[in-house]
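What's counted below: heavy atoms across the whole structure, side chains too, no hydrogens, waters or symmetry copies.
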Amino acid sequence: RGAALGLIFLALLLSARTVTRNAEWNDLSKLFSRDVFYYPGNWRAWSWLGDAFKTQGRLNDAIRAYKTSLGLNSKQIPTWVALGEALSIAGRNDEAESVLSNAATVRPKEPWFWYLLGIHRLKMGRYQEAIEPLEKSIEFNPSPMAYHALGSIYLRMGQKEQAEQSFSKATRMYPGQQRFHSGVHVDLGKLYLRQGKPKEAQEEWQLALRFEPNNAEARGLLQDQAEQ
C-alpha cells in the first residue's frame, strides 16, 4: 500500500487497494451518481464520480464522467489530468497523450502534470520522449518517484551510469525505505504484464530485487513467468 500511495498514478493502474477502500469508493460512486442524477449540471459531482469510478477500475464510466464534467466546465485542469490518467490506463494512448500534454502546457510549473506525462510515455516504451517531462517534473519539485522513473528509462536505454545516479538520488530522498522502492517496480511489472509485455514485467521485478533482495512477491512473479 505504501508504494501505491507514493505513486498515485500507479495505484490507480493497479489493484493495490484494500477491501475497505473499495467499499468506501463504492459508496462514493453511489453517492455521486445520485448527485448527478438530481443535479446533472454539477460539474464537481461529475468529476468526483469519475474519481470513484476510476478507483473501482470502471475506466469507461470514469472517462464518460470526466468528459461530462469538462463539458460543463472546461477550465478544470485537475480533471483534464484525471481524464488523461484514465485514458492511459484504458490504453487509449493517443487521447491520453493529447490530454496530458495540453494540461502540462497550460500549467507548465505543475510538477505532477509533467510527471504523469513522463510516466505515460514510459509505459508506452517511448523512453527518449519520456525523459524531458520527467526532468521538468524534477526541476519544479524533485521527487523519488520521478528519479525512479528516470532510472528505469536510462537502464532500458543501456545508460547504466545515469540509471544508477537516478536510483541513488531516489533512495537518498527516501532513505531506509527499500521496500517502498522495490514495491514501485513490483507494481510497474504487474502493469506491464497486464499490457501483454512479459519481458518488461520481468525487468521490473528484477529491479525490485535490486532494492529488496528478499522481496518474495517479486521472486514469485519471476518464477511464475519462467514456468510459462
> Do other residues, nucleotides or ligands put more than 12 heavy atoms under 6.0 Å from Arg126 CZ?
Replying inline: yes
>> Please enumerate all residues that pass ring-ring contact (aromatic ring centres under 6.0 Å, His included) together with Phe211, with sequence neighbours excluded.
In response: His148, Phe167, His181, His185
>> Once side-chain contact (heavy atoms from CB on, under 4.5 Å) is applied, do any residues pair with Asp61, and if so which ones, sequence neighbours excluded?
In response: Phe53, Arg58, Arg64
>> Quick one: does any side-chain atom of Ser33 pair with a main-chain N or O of Ser29 as donor and acceptor, under 3.5 Å?
In response: yes
> Could you give the distance from CG (Leu155) to CG (Leu150), rounded to the nearest 0.5 Å?
Replying inline: 12.0 Å
>> Is any side-chain heavy atom of Leu122 closer than 4.5 Å to one of Tyr127?
In response: yes
> Any side-chain heavy atom of Lys190 within less than 4.5 Å of one from Leu221?
Replying inline: yes
>> My understanding is that a hydrophobic cluster links ILVMFWY residues whose side chain heavy atoms are under 4.5 Å apart, including indirect links. Using that, what else belongs to the cluster containing Met124?
In response: none
>> Consider salt bridge (Lys or Arg N to Asp or Glu O under 4.0 Å). Of Arg156, Lys123, Lys197, which one does Glu204 pass it with?
In response: Arg156
> Can you tell which of Asp224, Asn215, Leu193 makes a side chain to side chain contact (heavy atoms under 4.5 Å, CB included) with Trp205?
Replying inline: Leu193
> So, Glu97 and Arg121, do they make that salt bridge, N to O below 4.0 Å?
Replying inline: yes
> Any side-chain donor-acceptor pair under 3.5 Å between Thr79 and Ser47?
Replying inline: yes
>> Please tell me whether Glu227 and Gln223 have a donor and an acceptor in their side chains that are separated by less than 3.5 angstrom.
In response: yes
>> Would you compute the distance between atom CG of Leu134 and atom CH2 of Trp114 and round it to the nearest 0.5 angstrom?
In response: 11.0 Å
>> Within the structure provided, determine whether Ile63 and Arg92 are in side-chain contact (heavy-atom separation under 4.5 Å).
In response: yes
>> Please check this pair: side chain of Thr55 against backbone of Asp51, looking for a donor-acceptor N/O pair closer than 3.5 Å.
In response: yes
> Does some side-chain heavy atom of Ile77 sit less than 4.5 Å from a side-chain heavy atom of Phe113?
Replying inline: yes
>> For the backbone of Pro144 and the side chain of Arg172, can you confirm whether one donor and one acceptor N or O come within less than 3.5 Å of each other?
In response: no
> So does Glu135 have more than 12 non-hydrogen atoms from other groups sitting under 6.0 Å from CD?
Replying inline: yes
Would you list the atom pairs, donor with acceptor, under 3.5 Å between side chains in residues 102-111 and any protein atom, with sequence neighbours excluded?
unit_1 : atom_1 : unit_2 : atom_2 : d
Asn102 : ND2    : Ser98  : O      : 3.2
Thr105 : OG1    : Ser101 : O      : 2.8
Glu110 : OE2    : Trp112 : N      : 3.3

>> Donor-acceptor check, side chain of Trp46 to backbone of Pro40, threshold 3.5 angstrom: yes or no?
In response: yes
>> Closer than 3.5 angstrom, by distance alone: can the side chain of Glu217 be matched with the main-chain N or O of Val186 as a donor-acceptor pair?
In response: no
> Within a strict 4.5 Å, meaning less than it, do heavy atoms of the Tyr66 and Lys54 side chains meet?
Replying inline: yes
>> Ignoring hydrogens, what is the shortest heavy-atom contact between Ala146 and Ser137? Give both atom names and the distance.
In response: CB-OG, 4.3 Å
>> Gln159: which residues meet the side-chain contact (heavy atoms from CB on, under 4.5 Å) condition with it, sequence neighbours left out?
In response: Tyr154, Met157, Gln162
> Nearest heavy-atom pair of Ile119 and Ala149: which atoms, and what distance?
Replying inline: CD1-CB, 3.8 Å
> Taking only residues two or more places apart in sequence, or in another chain, which ones meet Asn42 in a side chain to side chain donor-acceptor pair (under 3.5 Å)?
Replying inline: none
